[in-house]
J.: 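Before we start, here is the structure in question, set down as structure tokens.
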Amino acid sequence: MPLFDRDTTIFRDEDVLREDYQPDSIQERDEELDAYKTALQPVVNGAQPRNVFLYGKTGVGKTVATRFLLDHLRRDVEEYDDVDLSIVWLNCNNLTSSYQVAANLVNELRPANEQISTTGYPQQKIFDMLYDELERLGGTVLIVLDEIDHIGDDDDLLYELPRARANGYLSAGKPGIIGISNDFSFRSGLSPKVKDALCEEEIHFSPYVASELESILDQRAAKALHDDVLADGVLPLCAALAAQDTGSARQALDLLYKAGDLARSQDVAEVTEKHVRDAQRALERGRIKQGMVELTQHGHLSLVAVLSLALEEETPARVREIYPRYRSAAEYVGTNPLVRRRMHDHLSDLAMQGILHRNTRNEGRAGGKYYVYDLDVAVEMVMDVVDDLETVDLPPTVVRQAEQTDLTAH
DNA sequence: GATCCACAGGAAATAGTGGCTT
DNA sequence: AAGCCACTATTTCCTGTGGATC
């Protein structure tokens, strides 16, 4: 009997539920697509493209719609000899300044052997390079800046680029910006001069409601899964859970995928509502675990400090109590401990990520105001993650304590 | 209602890294 | 080699805050 065996009971084609799958039609976004299409019309006419801004939370179809329309645009434009279209796609995730975005754009446009470093040049120099590249490319250049809100309020590039032609930096190149933002408040953070230039067309994508999610799931499930493997109510449940939480199609699809995956691993032929609920828990845990693994070393040490208090049932604990634990954890691994102020920032980060739970206490004149922290996830899970980390070792006292609690627990 | 505790969290200064320019 | 430039992480300093107590 083979160790691996092709399993075909649940999934017909699981790729259809994955993030990078591009559906052949977009559901439940007719109005947005219409507006978007209109905004892109000048490109077909060979005119200077308009700048477009898309707003909406993650997983509401901004990126999919953009990919979809640009694909068609690219194909349709081939019919006209006088339109020369290039598309540059840049995800601004973890780019925090105009400078970095510009530098990365240059790299996108340049061949692999002429890449530039993303620090070191004066800002204007980077912009000049960018203009050179755009000019060299010529024709219409659509620049898609995905997750543009990550650059915060540093909007120099967004100010410069739309004006490049007017200012005489470009003659052959006709750039157009398509900005995609997860955060509507990004708009209000922009300086007024940028707002005028950039936000010629704004398209809002609202979160999906349950019924919309359900029809999206329906369509995908038909392709991804075999017939009759879904119990009644599975799709509506996926839709409802996702609608309540984020209204994101991504989340709904992940839920369905994970639920199917669970059913498959249990060797059952039907996906039930229980699978969906289990999937929801599993995804949430996975998300938090991932967050924990990706912390910096001092983040890990701060977590260990709280962990050690939790094991002794000394939580919730205030910073005053956590900090000494943190110091000894740091000394144990041979790292210089940070000052209290800074460690507190790490604690705040942990709380933000849902790893720690934070409460305000106020004892008035007698004790003043302060925070108390507690683990917001199971101790075992933290142990599990921390055990595997290379940057951190658990001090022996913590290990001992863990063993003891384990014994009493069993 | 004024006081005052203990600290949260903003802001500015500093350290440190990597890379360009002359 | 010395002087820039941009960026990140940290330290240092300090003001503002909420509510029990006076």
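Convention: sequence-line order gives letters A, B, ...; per-chain numbering from 1.
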J.: Measure the distance from OH on Tyr121(A) to P on dG18(B) and round it to the nearest whole Å.
T.: 17 Å

J.: So how far off straight is the helix from dG1(B)-dC22(C) to dT22(B)-dA1(C), going by the axes through five pairs at either end, to 10°?
T.: 30°

J.: Please work out if Thr96(A) contacts a base, only the sugar-phosphate, or nothing of the nucleic acid, heavy-atom cut-off 4.0 Å.
T.: sugar-phosphate

J.: Does the side chain of Tyr208(A) pick up a donor-acceptor pair with the side chain of Glu28(A) at under 3.5 Å?
T.: no

J.: Look at all strands and tell whether Thr360(A) reaches a base, only sugar-phosphate, or nothing, counting heavy atoms closer than 4.0 Å.
T.: nothing

J.: Which whole-number value in Å describes the distance from Leu350(A) CG to dA8(B) C1'?
T.: 17 Å

J.: Can you find a side-chain donor-acceptor pair between Ser181(A) and Glu147(A) that sits under 3.5 Å?
T.: no

J.: Where along residues 102-111 of chain A does a heavy atom fall under 4.0 Å from DNA chain B?
T.: none

J.: Looking only at the side chain of Thr119(A) (C-beta and beyond, no hydrogens), which of the listed nucleotides dG18(B), dC7(B), dT21(B) gets closest?
T.: dG18(B)

J.: Do Arg136(A) and Glu133(A) meet the salt-bridge criterion of a basic N to acidic O distance under 4.0 Å?
T.: yes

J.: Look at all strands and tell whether Arg361(A) reaches a base, only sugar-phosphate, or nothing, counting heavy atoms closer than 4.0 Å.
T.: nothing

J.: With no hydrogens and no angle check, do the side chains of Tyr370(A) and Glu363(A) hold a donor and an acceptor under 3.5 Å apart?
T.: yes

J.: Nearest whole angstrom, please: distance from the C1' of dG19(B) to the NZ of Lys125(A).
T.: 13 Å

J.: With sequence neighbours left out, what residues match Asp30(A) under salt bridge (charged side-chain N to carboxylate O under 4.0 Å, His left out)?
T.: none

J.: Between Lys223(A) and Asp24(A), does at least one N-O distance fall below 4.0 Å, as a salt bridge requires?
T.: yes

J.: Kindly indicate whether the side chain of Arg29(A), heavy atoms from C-beta on, has any atom under 4.5 Å from the side chain of Gln27(A).
T.: no

J.: Would you kindly say whether Asn51(A) and Glu201(A) are connected by a side-chain donor-acceptor distance under 3.5 Å?
T.: no

J.: In whole Å, I'd like the distance from the CD1 atom of Ile151(A) to the P atom of dT8(C).
T.: 13 Å

J.: Within less than 4.0 Å of OP1 or OP2 of dG9(B), is there a side-chain N or O belonging to Tyr371(A)?
T.: yes

J.: Residues from residues 317-332 of chain A sitting under 4.0 Å of DNA chain B, heavy atoms only?
T.: Arg318(A), Val319(A), Arg320(A)

J.: Closer than 4.0 angstrom, basic N to acidic O: yes or no for Lys125(A) and Asp128(A)?
T.: no

J.: Tell me whether the side-chain N/O atoms of His346(A) come closer than 4.0 Å to OP1 or OP2 in dT10(C).
T.: yes

J.: Any idea how Tyr373(A) and His344(A) line up, ring-wise: parallel (<30°), tilted (30 to 60°), or perpendicular (>60°)?
T.: perpendicular

J.: Which is it for Glu284(A) and Arg287(A) under the salt bridge (charged side-chain N to carboxylate O under 4.0 Å, His left out) test, yes or no, and what are the steps along the way?
T.: CA-CA 5 Å; Glu284(A) 174 69 7; Arg287(A) 203 177 55 70; 3.0 Å; yes

J.: Identify, between His344(A) and Ser117(A), the residue whose nearest nucleotide on DNA chain B lies closer to the 5' end.
T.: His344(A)

J.: How many whole angstroms separate atom CG of Asp349(A) from atom P of dT10(C)?
T.: 11 Å

J.: Can we say Lys274(A) and Asp278(A) salt-bridge, meaning some charged N sits less than 4.0 Å from an Asp/Glu carboxylate O?
T.: yes

J.: May I ask you to decide whether Lys37(A) forms a salt bridge with Glu32(A), counting only side-chain N to carboxylate O separations under 4.0 Å?
T.: no

J.: Walk along nucleotides 11-22 of chain C from 5' to 3' and tag each nucleotide B, S or - by protein heavy-atom contact under 4.0 Å, base first, then sugar-phosphate.
T.: BB----BBBBBS

J.: Partners of Pro395(A) by side-chain contact (heavy atoms from CB on, under 4.5 Å), sequence neighbours excluded?
T.: Val304(A), Ala329(A), Tyr332(A), Thr397(A), Val398(A)

J.: Just how far, in rounded Å, is P of dC7(B) from CG of Asn359(A)?
T.: 16 Å

